[in-house]
Amino acid sequence: MRIATWNINSAKARQARLIEWLDRAQPDVVCLQETKLDDNAFAENFDEDLFRRGYAYAHHGDGRWNGVALLSRIGLDDVERGLAGGPGFPDPEPRAVAATCGGVRIWSLYVPNGRAPDDPHYAYKLEWLAALRGVLAESAPRQPIMACGDFNIAPTDADVWDPADFVGATHVTEPERSALGALTDLGLVDVLRARWPDDVVYTYWDYRALCFPKNMGMRIDLTLASADVAGRVAAAWVDRAARKGTGTSDHAPVVVDLDTAPDGDVGPMVPPPSSRGSSGRGSSGRGSSSQGSSNRSGSERAAATIRRKSAPSPATTTEDGA
DNA sequence: ATGTCAGGCACGGCCTGA
């Protein structure tokens, strides 16, 4: 079961890249953020592309800004749009959609940016995260869950290319990190970081100033999983190829492969493509701890990481081509 | 150098958001 999250920065502008990526990456479930479409426009643009590939979807958007979606080819049940009890700015915005897919309650989340610590949008961000905690706290004890999306928070200073550059900025402040900590305190595991504890792993690079080629990035797109789900993680990586070239989002997808659940009721309805065998699933199966790294495959490593240099220089970082 | 994009409005560049 392959789950991905991707802030695509406009579904319409990204249509060709998204479809191309679905065909290449073969995710079973995709959490999208910043579709920037209303529900009708999303349907008009994507019904044919998605249904032909076996995906059902739930879109929650009202047009110009925000907009989230869940795509699934392994079932899409009990769809829930919006964040119950969440704040507005001033009205509630389409930043959350959830569904049960393959036995896991999955959330696609677009946390407010915050803009600046003294901006009203920052207070809104913290209120929104508090409401999210309330919703996940009800769900987490009852079922396996994953909360995926653009959190607009770098969990630690290791998740930004230069902490000094972020002094006074959002995404790194203590209240934001505490709000994220309140989510992990529910027992949710940041599965990408658990998988790559010591590597430079970014998911977002500003379009400006050659940030991507220099690897001046941030890790703000997160895949949080309840312990039962985290224990099934067979691989987790950032698909940096999706950020390369022209016409890309400024975010790259985060991809997580789960082994089949212990009760064996979960699996893709579409036969796994041959590419799947080279992405970390071929090893021993369940029992791979989310903390463990010994069974990471070379291709997972190649896709996921940039090696940290002893003297970090953005211009000289190279891909780890295992 | 806020050095780039995206959408909206409305068809030519501004404005807003990220």
Side-chain angles (χ1 to χ4, degrees), chain A residues 5-21 31-46 59-69 87-96 108-129 148-154 159-162 164-173 176 179-180 202-222 238 240-254 313-315:
Chain A
T5 184
W6 194 9
N7 178 324
I8 51 172
N9 185 19
S10 170
K12 202 170 176 182
R14 216 64 62 215
Q15 181 145 7
R17 292 284 302 222
L18 173 60
I19 298 305
E20 181 183 302
W21 176 79
C31 303
L32 297 175
Q33 299 87 38
E34 282 206 87
T35 63
K36 297 184 177 177
L37 292 176
D38 63 32
D39 294 343
N40 288 335
F42 187 88
E44 283 167 22
N45 283 280
F46 286 95
H59 183 267
H60 182 42
D62 58 15
R64 187 171 183 180
W65 307 117
N66 312 306
V68 288
F89 195 76
D91 299 316
E93 298 176 311
R95 294 177 174 275
S108 177
L109 303 167
Y110 178 45
V111 176
N113 175 285
R115 298 178 188 167
D118 60 355
D119 192 293
H121 207 257
Y122 178 86
Y124 168 54
K125 180 179 194 174
L126 296 179
E127 289 166 20
W128 199 92
L129 286 161
C148 304
D150 178 358
F151 281 72
N152 273 315
I153 300 171
D159 298 308
V160 298
W161 74 277
D162 182 4
D165 219 47
F166 287 86
V167 173
T170 59
H171 295 58
V172 300
T173 67
E176 290 165 283
L180 181 61
Y202 298 143
T203 65
Y204 163 83
W205 301 261
D206 198 299
Y207 286 121
R208 291 168 286 191
L210 299 174
C211 282
F212 183 64
K214 291 178 177 175
N215 200 32
M216 294 158 60
M218 307 173 75
R219 191 174 70 91
I220 56 177
D221 300 273
L222 307 178
V238 177
R240 298 181 69 258
R243 180 64 178 79
K244 294 179 182 176
T246 56
T248 70
S249 170
D250 41 3
H251 297 249
V254 180
S313 166

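Bear in mind that the values here come from a model prediction, so they are computed numbers and not experimental data. Sequence lines set the chain letters: A, B, ... in the order given, protein chains first and strands last, and positions in each chain run from 1.
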* With A:R219 via salt bridge (Lys or Arg N to Asp or Glu O under 4.0 Å) - residues at least two apart ->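 A:R219 satisfies salt bridge (Lys or Arg N to Asp or Glu O under 4.0 Å) with A:D159, A:D190 only.
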* With sequence neighbours excluded, residues passing salt bridge (Lys or Arg N to Asp or Glu O under 4.0 Å) with A:D150 ->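 A:D150 satisfies salt bridge (Lys or Arg N to Asp or Glu O under 4.0 Å) with no residue once adjacent residues are dropped.
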Protein-nucleotide distance ([X], atom [atom1]; [N], atom [atom2]), rounded to Å:
| X | N | atom1 | atom2 | value |
| --- | --- | --- | --- | --- |
| A:F212 | B:dG3 | CZ | C1' | 18 Å |
| A:Q15 | B:dG7 | CD | P | 12 Å |
| A:K12 | B:dG8 | NZ | P | 7 Å |

* Asked: For A:N66, which of A:Q33, A:E34, A:R95 qualifies under side chain to side chain donor-acceptor pair (under 3.5 Å)?
  ->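 Single side chain to side chain donor-acceptor pair (under 3.5 Å) partner of A:N66 among A:Q33, A:E34, A:R95: A:R95.
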Taking atom [atom1] in both [N] and [M], what distance in whole Å separates the two?
| N | M | atom1 | value |
| --- | --- | --- | --- |
| B:dT16 | B:dA10 | P | 15 Å |
| B:dG12 | B:dA1 | C1' | 25 Å |
| B:dT2 | B:dA18 | C1' | 11 Å |

* Asked: Under 30°, 30 to 60°, or over 60°: which ring-plane class applies to A:F42 and A:F46, parallel, tilted or perpendicular?
  ->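 Aromatic pair A:F42/A:F46 classed parallel.
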* **Evaluation steps, ring-ring contact (aromatic ring centres under 6.0 Å, His included), between A:H121 and A:F89** => CA-CA 8 Å; A:H121 207 257; A:F89 195 76; 4.6 Å; yes
* To do: Would you kindly compare A:T248 and A:A209 by the position of their nearest DNA chain B nucleotide and give the one closer to the 5′ end?
  =>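 Going by which nucleotide is closer to the 5' end, it is A:A209.
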* To do: Measure the spacing between CD of A:E93 and OH of A:Y124 and express it to the nearest 0.5 Å.
  =>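 Between atom CD of A:E93 and atom OH of A:Y124 there are 3.5 Å.
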Dump every N/O contact between nucleotides 15-18 of chain B and the protein below 3.5 Å, one line per pair.
| residue | atom | partner | partner atom | Å |
| --- | --- | --- | --- | --- |
| B:dA18 | OP2 | A:R115 | NE | 2.7 |
| B:dA18 | OP2 | A:R115 | NH2 | 3.4 |

